[in-house]
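The chains referred to below are lettered A, B, ... by the order of the sequence lines, with proteins before strands, and numbering in each begins at 1.
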Amino acid sequence: MIQIQNLVKRYGSLLALDHLNLSIQEGEIFGLLGPNGSGKTTAINCLLALLKYDKGSVTIMGKPMKPDSYEIKREIGVVMQEVAVFDQMTVRENIDYFCGLYIREKSRRKKLVEEAIEFVGLEDYTKTRPGKLSGGLQRRLNIACGIVHRPKLIILDEPTVAVDPQSRNRILEGIQELNRQGSTIIYTSHYMEEVEQICSRIAIIDHGRVLASGTKEELKNMIKTGETITIEAVALEPEYLADIRGLSHVFDVSYKDQVLVIRCSKAKHNLVSVLNYLREKDIAFGKVFSELPTLNDVFLEITGKALRD
Amino acid sequence: MIVFNCFLRMIKRNCGILILYFSIFLTICISIQLMTNGKGMGNFEEERLNIAVIDQDGGTLAKELRAYLGQRHHLVKISDDPKTIQEELFYRNIYYVATIPADFEQRCLVQGEKLKTIRVPGTTSAFYVDQQINQFLNQVKVLKAAGYPDSEIYQKIEIIEQAQPDVALLDQNGHGGVKAPHVFMFQFMPYIVFSIICYVISYIMIEFRKKPVRRRMICSAMPPIRQNTQLFLGYLVLGIGVWALCMLLPVLLYGKDFLSDANKFLYMANVFALTLVSLAVSFTVGTVIRKPEIVSSVVNVLSLGMSFLCGVFVSMDVLGKGVQTAAQFLPFYWYEIVNEILAMHTNFTSEQWLEIGKGLGIQLLFAAAILCVGTMADQYMTKQ
């Protein structure tokens, strides 16, 4: 559905997009994951022809995307990072306005507006002005304005920033529902949990480049880490750390603030062998937990830094 | 027409400002009408002060001066004692004390010595008593020099003083030479038209020019040219609406008086030209300003500033030459120039027609220039 090839965008001397390549298929929820300033929003702006790029091409639904590609734009719903609504109009009027930018027919618009209000759960606030809504409700309104015209492609740029957990869950469920109804979705976020929860395919980007892409399983398989064991242990001697590092399948050990983090490659009984060692050496320990690799681990291993650094 | 409808909806939301300004304007106009209704413009009433005349001379001239002042003011008897005089002045029992010295005629009439006077500090009325005394003494001097005997001099002065000048105002505007009441309404109108349009459009423009909304609208399936055309239509509807309301006011308040004014269409054209200027300014203000909180201060500075400098609140005759020169660079000035000509004439000379055309033309040029600035600012902001 979308092909981005060798996209280059410079802001003066800053290279915001460095030969970015992406391919997004119809019907998927595609996640663009990266830290703040990694180029996610720039990529979206280039995709929507809001920004001129220096090199490369963007094709949507088989046609090149240009500022005047109104036929393509008709099929795209956009939910911006900032809430894009009129403060002087009510919730219903706002949704109707943004629907009217795509659909002229009044009766059809009325039906779509009602559906959008119901979809985001703003039935009780239709006559309220946006300024009187909570942050979460404003985000929901923002989404309603973006999806009201039933687009085939929906682009959501960090729609859950500064949203309470309840609203966030509602928004994420809504996005999955839109996908089930047939929309292709591009979702950008720096919250890996969200991306992991809803996206069928993910591209990790940093410094304007795609570092890795695939399903979450594919991404996790790309890295060495198979299991991360975290143990609360007091005053561990450096010799113990060296011993643990020497255990089979362990490839990284760190000890900070009385918390021991052990990264192991995929193998059976990693946790058991670590605990056995602690028992042998009579080392007291508190909480113990073991996790399968997350997207943060993927990002960490690829870039050498955590996603939220 | 979704953008246009949205614009109209926002105008409705800002109706409060419109009503508020019209109410203030109507109150001012009605007050002026009540103040000037049937009197005031052509009438004059002399003020009579409580004054004291201390006669140390006792001669005929002194007595006649005393009688002369007595006809024009209330004479209060007080003793020739500085303490008493001070006290009477302090309590405002009297406002003016004239002391006629001994050998008055010789000293004041022949030698030209000034009469000793004491007055309440800061009072302007006392100035007129000074003038009256000077006038009396001058008349005596002139009549004496002309050879009139003393017995006739004072009779002559009385006759001269009783004579009333017959003033006939040249009627060039169909209102007996004085300004018609609706002229004052048109004099104040720039403030109201400008303020309403600037407030309403600036608030709406800020909404439409918010970065996220603007980006969101560019992403939509409606070409920007169609969006802008609909916005432009919205501006025009607001402008014409405010103009029509402003034209309705003189009809409602002054009825026939305004409708029978031969210049009514020129008044309307003048306000329309000013409406276009206001639309252009409001477009620019709304483009440049991002925060609604700032609108009020900017619009106030512009509307009040131009109103005070260009003769909206005070007649242009009162303004200094420097102020008038500076005001030429402001559109209100040209509106008021046209308004002044329309107020005083119905049959125009070719020069007056030229002045009217110039005034209207310059206002339109102002509108075009400001609109260009606004458009450039808008394009710059869009690129940003």
*NZ (B/Lys210) with more than 12 external heavy atoms under 6.0 Å*: yes
*Checking B/Pro292 against chain A: side chain, backbone, both or neither under 4.5 Å from a heavy atom?*
neither
*Within 6.0 Å of CD in A/Glu26, more than 12 heavy atoms from elsewhere*: no
_Using 0.5 Å steps for rounding, measure from the CZ atom of B/Arg216 to the CZ atom of A/Phe98._
6.0 Å
*Taking the side chain as C-beta and beyond, is there a heavy-atom pair between B/Pro223 and A/Asp68 under 4.5 Å?*
no
*Evaluate whether atom OH of A/Tyr125 has more than 12 neighbouring non-hydrogen atoms of other residues, nucleotides or ligands under 6.0 angstrom away.*
no
_Side chain / backbone / both / neither for A/Leu50 at chain B, heavy atoms under 4.5 Å_ = side chain
*Name the region of B/Arg9, side chain, backbone, both or neither, that has any atom closer than 4.5 Å to a heavy atom of chain A.*
side chain
*Can you check whether A/Tyr97 reaches B/Val3 side chain to side chain, under 4.5 Å on heavy atoms?*
yes
*So what's closer than 4.5 Å to chain B heavy atoms on A/Glu93: side chain, backbone, both or neither?*
both
_Contacting region of A/Cys145 [heavy-atom separation from chain B under 4.5 Å]_ = backbone
*Picking from B/Arg226, B/Met1, B/Gln227, which has the most non-hydrogen pairs under 4.5 angstrom with chain A?*
B/Arg226
_As an exercise, state the distance from CD1 of B/Ile204 to CD of A/Gln88, rounded to the nearest 0.5 Å._
6.5 Å
_Residue selection (most heavy-atom pairs with chain B, distance under 4.5 Å) from A/Gly146, A/Pro67, A/Ala49_ = A/Gly146
*Mark yes when over 12 heavy atoms from residues, nucleotides or ligands other than A/Leu14 sit less than 6.0 Å from its CG; otherwise mark no.*
yes
_Less than 4.5 Å to any heavy atom of chain A: does that hold for the side chain of B/Arg214, its backbone, both, or neither?_
neither
*With chain B, which of A/Leu48, A/Ile72, A/Val78 has the greatest number of heavy-atom pairs at distances under 4.5 Å?*
A/Val78
*Region of A/Met80 that comes under 4.5 Å of a non-hydrogen atom in chain B*: side chain
*Considering only heavy atoms, which portion of A/Val83 lies under 4.5 Å from any heavy atom of chain B: side chain, backbone, both, or neither?*
backbone
*asked:* Is it true that, when you exclude A/Tyr11 itself, more than 12 heavy atoms of the residues, nucleotides or ligands shown sit nearer than 6.0 Å to its OH?
replied: yes
*Taking atom CD of B/Glu293 as the centre, report whether more than 12 heavy atoms of other residues, nucleotides or ligands fall under 6.0 Å from it.*
yes
*Of all of B/Glu207, B/Met222, B/Met10, which one pairs up most often with chain A through heavy atoms under 4.5 Å apart?*
B/Glu207
*Among A/Arg109, A/Lys106, A/Arg104, which residue meets the side chain to side chain contact (heavy atoms under 4.5 Å, CB included) test with B/Ile2?*
A/Arg109
*Heavy-atom neighbours of B/Phe232 CZ exceed 12 at 6.0 Å*: no
_Just checking A/Glu118: does its CD atom have more than 12 heavy atoms from other residues, nucleotides or ligands closer to it than 6.0 angstrom?_
no
